[in-house]
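Given the structure is predicted, the values throughout are model-derived calculations rather than measurements. Residue numbering restarts at 1 for every chain, and letters A, B, ... go by the order of the sequence lines.
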Number of protein chains: 2
Amino acid sequence: MALGTDYAQQDCTLARALEVVGERWSLLIVRDAFYGVRRFNDFLVHLDIPRAVLTARLAALTEAGVLRKEAYQQSPPRYDYVLTDAGLDLWPPLHALMRWGGRHASRGEPTRTFHHAACGSRLDMTGGCPACEVAQVAPADVEMRWVSDAGRPGRVDQVAAALATTSPLLRPVRGAAGADAFAGGDDPGNS
Amino acid sequence: MALGTDYAQQDCTLARALEVVGERWSLLIVRDAFYGVRRFNDFLVHLDIPRAVLTARLAALTEAGVLRKEAYQQSPPRYDYVLTDAGLDLWPPLHALMRWGGRHASRGEPTRTFHHAACGSRLDMTGGCPACEVAQVAPADVEMRWVSDAGRPGRVDQVAAALATTSPLLRPVRGAAGADAFAGGDDPGNS
DNA sequence: GGGGTAGGTCTGATCAACGAACTGACTCTC
DNA sequence: GAGAGTCAGTTCGTTGATCAGACCTACCCC
């Protein structure tokens, strides 16, 4: 087997996790789901991902119990893809990876930081709130702050995850449209 | 491009991180590096990875600043691959992914847990120590406990990371040899 | 009927992963 | 000194996933 989910030799939980979310695009799909993206076409536009690959990934993530399909119309059958409890539990590794990327793999375009909605403190490396001494802030209590290009006050969004009924983050903010709406990330060098 | 590191459209820190450690085998190599594996042949045996792929991954991780090469003999030139500071910073996402895999993607073979060496408390989901209220236990202070098959007391190792001068974890413990030495992971369902 | 929306499937080209064989520079053992 | 072993690769043919883009199906609205 050339690629994919075959980590059979790697008999450990990291390999098990990578079988589920280790493939190309999978974690980016999960990230978008945290930001409120729910529909096939919205994932398609934001990720600029081949349709066939998106179809396969959504099916695999649903099969693995990370996402679940919720019908929003009957004919033709159309589904929202929303995070399950297992999917919501992916927030700690996801946030940790984003922090690492911001610190060590950034190209110097800091545009987004995550904060505890209750107190406004920036989340630490592990997704906890240092001010409130909360070890793990739930995705629904996380606020995403956009750092404006020109130093003006940025936009603030809730990382609403499966709680959202719409996709507020789909609206482009600074860029033209589409994928630009998700541009940026944690500011590098600030830990 | 069919595969690989091309997340150019995904202008965020998660995509940046995935460019570095998102490829097949990369995180497993980093995990082994945390457990003290340093040499080409040791990675080869433990991961059961194609030689050409290992060559490419080690070069890519070195290029990305996650690993660095340290010559341990001059002729023929031979190198240890050890974690840099950036590589050591991968511990939080790595541990979070292992915890997630243990909780949601396990096949029911719990064999390994991680504890704070100072107090013995099991690390939480984010790699912190709940007893000592340490938000992030450094890899060098992490103790890895093996859960014995037969209920007998398990082995205890230090997750020595780049601090180790040898690879104590290379010795097989319960299984026959090779990859089995790394079998297991966090116990599922225990958070 | 024509156009738009949504969620796919299909196809051929490309390219990475895989396994196995091979290479080169040494060291060890007999 | 010959042969075997070690270590870290490189090369090569096969397999199969990814990609871009065209096409399809089912419905809605005008």
Would you say B:Leu94 and B:Leu97 make side-chain contact, with heavy atoms under 4.5 Å? no
Side-chain touch B:Asp80/B:Lys69, heavy atoms, less than 4.5 angstrom: no
Contact under 4.0 Å: B:Trp25 side-chain N or O vs C:dA16 OP1/OP2: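 Looking at the OP1 and OP2 atoms of C:dA16, neither is under 4.0 Å from any side-chain N or O of B:Trp25.
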Should the pair A:Arg39 and A:Tyr72 be classed as cation-pi, given the thresholds of under 6.0 Å to the six-membered ring centre and 45° from the axis? yes
Mind calculating the distance between [atom1] ([X]) and [atom2] ([N]) to the nearest angstrom?
| X | N | atom1 | atom2 | answer |
| --- | --- | --- | --- | --- |
| A:Leu47 | D:dT18 | CG | C1' | 15 Å |
| A:Arg24 | C:dC15 | CZ | P | 13 Å |
| A:Phe43 | C:dA6 | CZ | P | 15 Å |
| B:Leu54 | C:dA20 | CG | C1' | 16 Å |
| A:Leu44 | C:dG8 | CG | C1' | 10 Å |
| A:Ile49 | D:dA20 | CD1 | P | 10 Å |
| A:Asp48 | D:dT18 | CG | C1' | 13 Å |

Nearest 0.5 angstrom please: A:Met98 CE to A:Leu27 CG, how far?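 Result: 9.5 Å between the selected atoms.
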I need the A:Leu58 CG to A:Leu44 CG distance, nearest 0.5 Å. 9.5 Å
Any donor-acceptor pair under 3.5 Å linking the side chain of B:His46 with the backbone of B:Asp42?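 Yes.
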If a protein heavy atom is under 4.0 Å from the base, mark B; if only from the sugar-phosphate, S; if neither, -; do that for nucleotides 2-11 of chain D going 5' to 3'. -----BBBBB
What's the closest nucleotide to the side chain of B:Arg57 if the choices are C:dC18, C:dA17, D:dT18?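 Of all the options, the side chain of B:Arg57 is nearest to C:dA17.
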Can we say B:Arg103 and A:Asp89 salt-bridge, meaning some charged N sits less than 4.0 Å from an Asp/Glu carboxylate O?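 The answer is yes: the pair qualifies as a salt bridge.
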Check the orientation of B:Tyr81 and B:Phe43. Use parallel for under 30°, tilted for 30 to 60°, and perpendicular for over 60°. perpendicular
Using a heavy-atom distance cut-off of less than 4.0 Å, which residues of residues 59-67 of chain B contact DNA chain C? none
B:Ser121: what forms a side chain to side chain contact (heavy atoms under 4.5 Å, CB included) with it, not counting sequence neighbours? B:Cys119, B:Cys129, B:Ala131
